[in-house]
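Below is one structure; the comments refer to it alone.
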Amino acid sequence: MAEDSKIFEENKNWSRKLEKEIEGKVNSLKWNFSPSSGKNIFSIDTPPPYTSGRPWHLGAAAQYSKIDAIARSQRMLGKEVLFPIGMDRNGIPVERYAEKKYDIRMRDTPREKFIDLCRESLDELEKEMFDILRSFAYSADFDQVYRTDSVEYRKLTQSTFIEMWKKGRIIRGTRPSNYCIDCGTTIADAEIEYKEMDTSLVYFYFKIKDSNKKILVASTRPELLGACSAILVNPEDERFKDFVNKTAITPIYNREVKIIAHSYAKAEFGSGAVMICSYGDYNDVMIIKELQLPENIIIDTNGRMNENAGDKLKGMKVKEARKEIISMLQEAGCVEKIEDIQHRTPMCERSKTPIEIIPLDEYYLKVTDIKDKLEELANELTMIPEQHKQILINWLKVSTDWPISRRRYYGTEIPLWYCKKCNEPYVPEEGKYYQPWKENPPEGAVCSKCGGKEFVGDDRTFDTWMDSSVSALYVTKYLSDKNFYEKTYPLSLRTQGIDIIRTWLNYSILRCYLLTDKLPWEKAWIDGMGLDEHGEKMSKSKGNGIDPTIVIEKYGADAFRFWAASEALPGSNFLFSESRLQGSAKFLTKLWNVARLINKFGNSYDINEIQLNESDKWIIAYMEKLTEECRKGYEELNPFIPANRVREFMWNVFAPHYIELVKARAYGESFSENEKKSAIYALNYVFRRILLLMSPITPFITQTLWSTLYKEESIHYQMIPEAKGYDDKLLLLGDRIMEFNSKVWNAKKEQKLSLRDAIKIEIPRDLEPFEKDLKSMHNIIN
RNA sequence: GGGCCUAUGGUCUAGUGGUUAUGACGUCUGCCUUACACGCAGAAGGCCGGGAGUUCGAACCUCCCUGGGCCCACCA
């Protein structure tokens, strides 16, 4: 024992230093999945981290550490666990990252070259990501990392797209999109920033048809007058009561538009009447859709007015056109006044120019016709916690067809070509990875419509969620291994954050259902968000993100993992607090020191040779109860329960009451050999169990203690035993012991005695079986 | 503006329709008691956001209000 115990002599505290010593061992354990092991399969669809963010913030690392605790605990409950790790590497964020890093612009860079630079960036970022994951012993199968930009993965994305194309689920449509004129592309909502801009609010009159009345409208976008399709007034607004359902005549263009009562128009703003144009903003989009108003597009993708704007404005840029139409309106005598106002304008985050909402020809995945079915599926899915299901249900109610094409470079290519003669799309067969922007269609391709043999490739990519939404199919080998797929799909569990319910969860259900006719998983475990110490979401723009590597280096990975598990129930948001993390580190040191004590006594006793003492029976019964509770927590995918139960037991029962009660006996002072052995047996019985219960949450310290104290193979290959039956009466007696202890401590305090001083105090009759231990613990002399 | 969630001692958190509401951190007091001062023991501190209701009884169920968080939409 002496040699192994050196670590205990040299270290009074658990620390990151000790974790580093065991890191190699902990991370070298293999977690390969074997579908034919005969055990029940527990398969997890984990989020492939997005590789562009730096640093990966603490909230995300905390979430992954909880997911890891779930995977580890399922193994220790006897399951064959599929716990894959992937990297999400497609899409706009990495393109941006590369642009910034190499000071280039995507569209000014040859596509091949740009793709190479993106891939280079990704490889670096990915390495950092793996390092972080390994630093807290994430136990996925790192021998089989998947990447969403690999040929294999993109093949799956494309094949499943083609499958859906053949099923008629892909539609082509021209719908309003965010369009940055400067960048020449559609951009995502997330890429828009709002900025207060000085602008003019122009008040001008429309004539009412067949009347000499006029209606006053206020607009910041008068250049869109030619695209005006209605005027809205609030139904409660007395000023306009008589105008509702009348027809107005647009100045300049002399077109007829209806005046409609609609709550969107606010009486307080401007003149109280608003003109709806295609498209000034997304309200216009909504209103035009809702009221089924005609669409009249007057701005082209170069940011110039087109022929629909009239001869005078045609060819002008938006700003010039605005100036021009104002003077035209003034000449026509329609302008009442012009106010200078501040206006929040949607701008392209990158070019800092206003975006326009322009209908573009894009592909959509049709969902609107199966919304009822999706809602049904959502209701069938078990969500943990159940309350978060509402977010998905609510979203399903308002969601529309999913636009899936992007005018970008670094993504999975849309596998389509178009006939040069008639523009008919040509769809290749599934099962290969296609790059239409640089490849010809497969040999022998013929246009199904006109028989043409020359094609031009689609140069767009997919929305990156098209890739990640089939992760459940990729990890179960949907295309590549039928046997494996049938054993593992649907998966047992999806784990993810609450922030991507509308995207990843929603799109995954949609895609997998359309392809397999089933929900991809039995359960979805939805975690809350990591917030900063003030309860605000961590984000780059706020600058309040915390780097997990710094925290882990300072306090240790186990302290971090224990903090994450014990801080909040899964599903709740959790606030980062350094002092609470310190509390977790202290707890690990407590565990460490209990081990140091137990180590002094050795442990090689056979239960069959020992007559157990009453105190020892009590703590073992307590341990069985705790095991039962913790197992239940793990079965419910809730590491919060074991983390907190074990901590409470350790710190409030085991260390202060039980250990103090039996310490002298374990040292063997004035006790029989059997009494001594009984104490040592129970101390080890309980401590081993504690280590097992803790090991999914704190893999480092438990591994170190397990190998130092018990010299057995890795704790991470052990099972958590089922709880044995226990006697409730014994537990009640245990509570009486703890009450009595406090009573004695209080008495000593009142009498200004030190804790080891002798005291005269009566031991309650029901505690007679424990009398000898109690006397030695408190130095009671009667 | 719309939706969802949430509200428990200074801070953060657990909790069940029913006797003195859980734990952690912090605070105060006393202790280096053969594992731990990152410790031990003791103590203070909460009308469980406000109001109404259901009930024999509510922190726990219902409604309203208020505060907070998140998502969506953002002012023609």
Side-chain angles (χ1 to χ4, degrees), chain A residues 8 12-15 189 194 199 201-202 217-222 224 231-232 263-266 268-277 280-287 341 343-344 346 385 387-395 397-398 498-499 501-502 528-529 531 533-537 555 559 563 566-569 571-601 640-641 644-645 647-648 651-652 655-656 659-660 663-664 667 669 741-742 744-746 748-750 752-757 777-779:
Chain A
F8 284 142
K12 280 179 147 188
N13 309 323
W14 181 248
S15 63
D189 290 344
Y194 288 88
T199 190
L201 181 58
V202 184
V217 169
S219 175
T220 54
R221 300 291 305 271
L224 293 175
I231 292 171
L232 261 43
S263 57
Y264 168 66
K266 301 284 174 259
E268 334 59 87
F269 193 92
S271 66
V274 52
M275 68 172 188
I276 297 300
C277 308
D281 59 32
Y282 271 94
N283 283 312
D284 289 344
V285 177
M286 273 166 45
I287 303 269
I341 60 160
H343 177 218
R344 284 189 80 198
Q387 77 223 26
H388 290 340
K389 188 180 275 188
Q390 202 54 40
I391 299 173
L392 176 62
I393 303 269
N394 290 347
W395 183 246
K397 286 189 201 298
V398 299
I498 193 174
D499 53 331
I501 287 180
R502 291 169 181 202
M529 301 302 294
L531 309 176
E533 61 224 297
H534 307 296
E536 284 187 47
K537 195 176 170 179
Y555 296 102
W563 166 77
S566 65
E567 183 64 13
L569 286 166
S572 309
N573 293 342
F574 47 98
L575 278 65
F576 178 69
S577 149
E578 193 153 346
S579 72
R580 295 174 61 72
L581 183 57
Q582 259 165 355
S584 294
K586 280 185 191 174
F587 169 60
L588 298 180
T589 285
K590 184 73 184 174
L591 187 73
W592 180 252
N593 280 295
V594 169
R596 290 176 74 213
L597 177 68
I598 290 176
N599 181 61
K600 294 188 172 203
F601 306 130
F640 179 92
I641 303 276
N644 284 296
R645 290 288 181 280
R647 168 157 56 183
E648 281 172 40
W651 224 324
N652 302 333
I659 289 184
E660 293 303 329
K663 198 155 73 177
Y667 276 114
E669 292 158 6
N741 289 342
S742 280
V744 178
W745 285 324
N746 266 319
K748 287 193 175 179
K749 179 135 183 141
E750 273 166 30
K752 299 214 189 288
L753 294 171
S754 99
L755 289 179
R756 70 176 153 182
D757 287 340
M777 172 179 182
H778 295 295
N779 196 6

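What you see below is based on every heavy atom in this structure, not just the backbone, and it leaves out hydrogens, waters and symmetry mates. Model, not experiment: these values are computed from the prediction. To find a chain, count down the sequence lines: A is the first, B the second, and so on, and within it residues start at 1.
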**Prompt:** Do I276(A) and L232(A) pass the side chain to side chain contact (heavy atoms under 4.5 Å, CB included) test, and can you show the C-alpha distance, the side-chain angles, and the key distance before you say yes or no?
**Reply:** CA-CA 7 Å; I276(A) 297 300; L232(A) 261 43; 3.9 Å; yes

**Working for side chain to side chain contact (heavy atoms under 4.5 Å, CB included), residues M777(A) and N741(A)** = CA-CA 9 Å; M777(A) 172 179 182; N741(A) 289 342; 3.6 Å; yes

**Message:** Checking N593(A) against W14(A) for the side chain to side chain contact (heavy atoms under 4.5 Å, CB included) test, could you report, in this order, the C-alpha distance in whole Å, the side-chain angles of both residues, the deciding distance, and whether it holds?
**Reply:** CA-CA 9 Å; N593(A) 280 295; W14(A) 181 248; over 6 Å; no

**Request:** Any chance you could lay out the ring-ring contact (aromatic ring centres under 6.0 Å, His included) test for W563(A) and Y555(A), step after step, and finish with the verdict?
**Result:** CA-CA 11 Å; W563(A) 166 77; Y555(A) 296 102; over 10 Å; no

**Message:** side chain to side chain contact (heavy atoms under 4.5 Å, CB included) for S566(A) and N644(A)? Distances and angles first, verdict last.
**Reply:** CA-CA 6 Å; S566(A) 65; N644(A) 284 296; 3.8 Å; yes

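The distance between atom CG of N741(A) and atom P of U33(B), rounded to the nearest whole Å, is 19 Å. In this structure, M529(A) places its CE atom 9 Å from C1' of C70(B), rounding to the nearest Å. If you take CZ of F640(A) and P of G23(B), they are 13 Å apart, rounded to a whole angstrom. For the pair N652(A) CG and G42(B) P, the computed distance is 10 Å after rounding to whole Å. C36(B) atom C1' lies 13 Å from atom CD1 of I598(A), rounded to whole Å. The interatomic distance linking H778(A) (NE2) with U33(B) (P) rounds to 18 Å, in whole Å. To the nearest angstrom, C1' of G23(B) lies 8 Å from CZ of R647(A). Counting to the nearest Å, the C1' atom of C75(B) and the CG atom of L232(A) are 14 Å from each other.
The gap from the P atom of G10(B) to that of C38(B) amounts to 27 Å, rounded to the nearest Å. Using C1' as the reference atom, C65(B) and U6(B) are 16 Å apart when rounded to the nearest Å. Comparing the C1' positions of A43(B) and G9(B) gives an interatomic distance of 14 Å, to the nearest angstrom. Rounded to the nearest Å, the gap between the C1' atom of G15(B) and that of G23(B) is 11 Å. Straight-line distance between the C1' atoms of A14(B) and A41(B): roughly 25 Å, to the nearest whole Å. C40(B) and U34(B): their C1' atoms are spaced 15 Å apart (whole Å). Here the separation of C63(B) from A58(B), taken at their C1' atoms, is 15 Å to the nearest Å. If you take atom P in U29(B) and the same atom in C71(B), they sit 45 Å apart, rounded to whole Å.
Within the nucleic acid shown, S579(A) comes within 4.0 Å of sugar-phosphate atoms alone, with no base atom in reach, counting heavy atoms only. Heavy atoms of A655(A) sit under 4.0 angstrom from at least one base atom. At a threshold of 4.0 angstrom between heavy atoms, the contacts of G571(A) with the nucleic acid are absent. Counting any heavy atom pair closer than 4.0 Å across all strands shown, A568(A) reaches no nucleic acid atom. Contacts of N746(A) with the nucleic acid, taken as non-hydrogen atoms under 4.0 Å apart, involve only primed sugar atoms and P, OP1 or OP2. Among the heavy atoms of the strands lying under 4.0 Å from K663(A) is at least one base atom, whether or not backbone atoms are also near.
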Between the protein and nucleotides 37-39 of chain B, are there any N/O to N/O pairs under 3.5 Å, and if so, what are the atom names and distances?
| from | atom 1 | to | atom 2 | distance (Å) |
| --- | --- | --- | --- | --- |
| A37(B) | OP1 | K12(A) | NZ | 3.3 |
| C38(B) | O2 | T589(A) | OG1 | 3.4 |
| C38(B) | N3 | N13(A) | ND2 | 3.4 |
| C38(B) | N4 | N13(A) | ND2 | 2.2 |
| G39(B) | O3' | K590(A) | NZ | 3.2 |

Polar atom pairs (N or O), protein with nucleotides 28-30 of chain B, under 3.5 Å:
| from | atom 1 | to | atom 2 | distance (Å) |
| --- | --- | --- | --- | --- |
| U29(B) | O2 | K749(A) | NZ | 3.2 |

Please enumerate all protein N or O atoms sitting under 3.5 Å from an N or O of nucleotides 1-10 of chain B, with distances to 0.1 Å.
| from | atom 1 | to | atom 2 | distance (Å) |
| --- | --- | --- | --- | --- |
| G3(B) | O2' | N394(A) | ND2 | 3.2 |

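Taking side-chain N and O atoms only, S742(A) has no distance below 4.0 Å to OP1 or OP2 of A41(B).
Residue N13(A) holds its CG atom at 11.0 Å from CG of L588(A), rounded to the nearest 0.5 Å. Expressed to the nearest 0.5 Å, how far CE of M529(A) lies from CG of N573(A) amounts to 7.5 Å. With rounding to the nearest 0.5 Å, the separation of CG in L392(A) from CD1 in I498(A) is 11.5 Å. Expressed to the nearest 0.5 Å, how far CG of L591(A) lies from NZ of K586(A) amounts to 16.0 Å. To the nearest 0.5 Å, atoms CZ (R221(A)) and CG (D284(A)) are separated by 9.0 Å. The OG atom of S572(A) sits 6.5 Å away from the NE2 atom of H388(A) when rounded to the nearest 0.5 Å.
Base pairing annotation: C47(B) forms no Watson-Crick or G-U wobble pair, as no partner gives both donor-acceptor distances under 3.5 Å. Using N1 to N3 plus N6-O4 or O6-N4 for Watson-Crick, or N1-O2 and O6-N3 for G-U wobble, each under 3.5 Å, C4(B) pairs with G69(B). With both pairing distances under 3.5 Å, G39(B) is matched to C31(B) as a Watson-Crick or G-U wobble pair. Taking a pair to require two hydrogen-bonding distances under 3.5 Å in either a Watson-Crick or a G-U wobble arrangement, G10(B) pairs with C25(B). With a cut-off of 3.5 Å on both Watson-Crick or G-U wobble distances, the partner of C61(B) is given as G53(B).
Between R596(A) and E567(A), the residue anchored nearer the 5' end of RNA chain B, judged by the nucleotide with its closest heavy atom, is E567(A). Each of F574(A) and A664(A) was matched to the nucleotide of RNA chain B holding its nearest heavy atom; the match closer to the 5' end belongs to F574(A).
Ring geometry, F587(A) versus W651(A): the interplanar angle falls from 30° to 60°, so the pair is classed tilted.
With 3.5 Å as the limit, one finds no donor-acceptor pair spanning the side chains of R596(A) and N599(A).
Note: F8(A) and W592(A) meet the aromatic proximity criterion, with ring centroids under 6.0 Å apart.
Comparing C25(B), A14(B), A76(B) against the side chain of L569(A) picks out A14(B) as the nearest.
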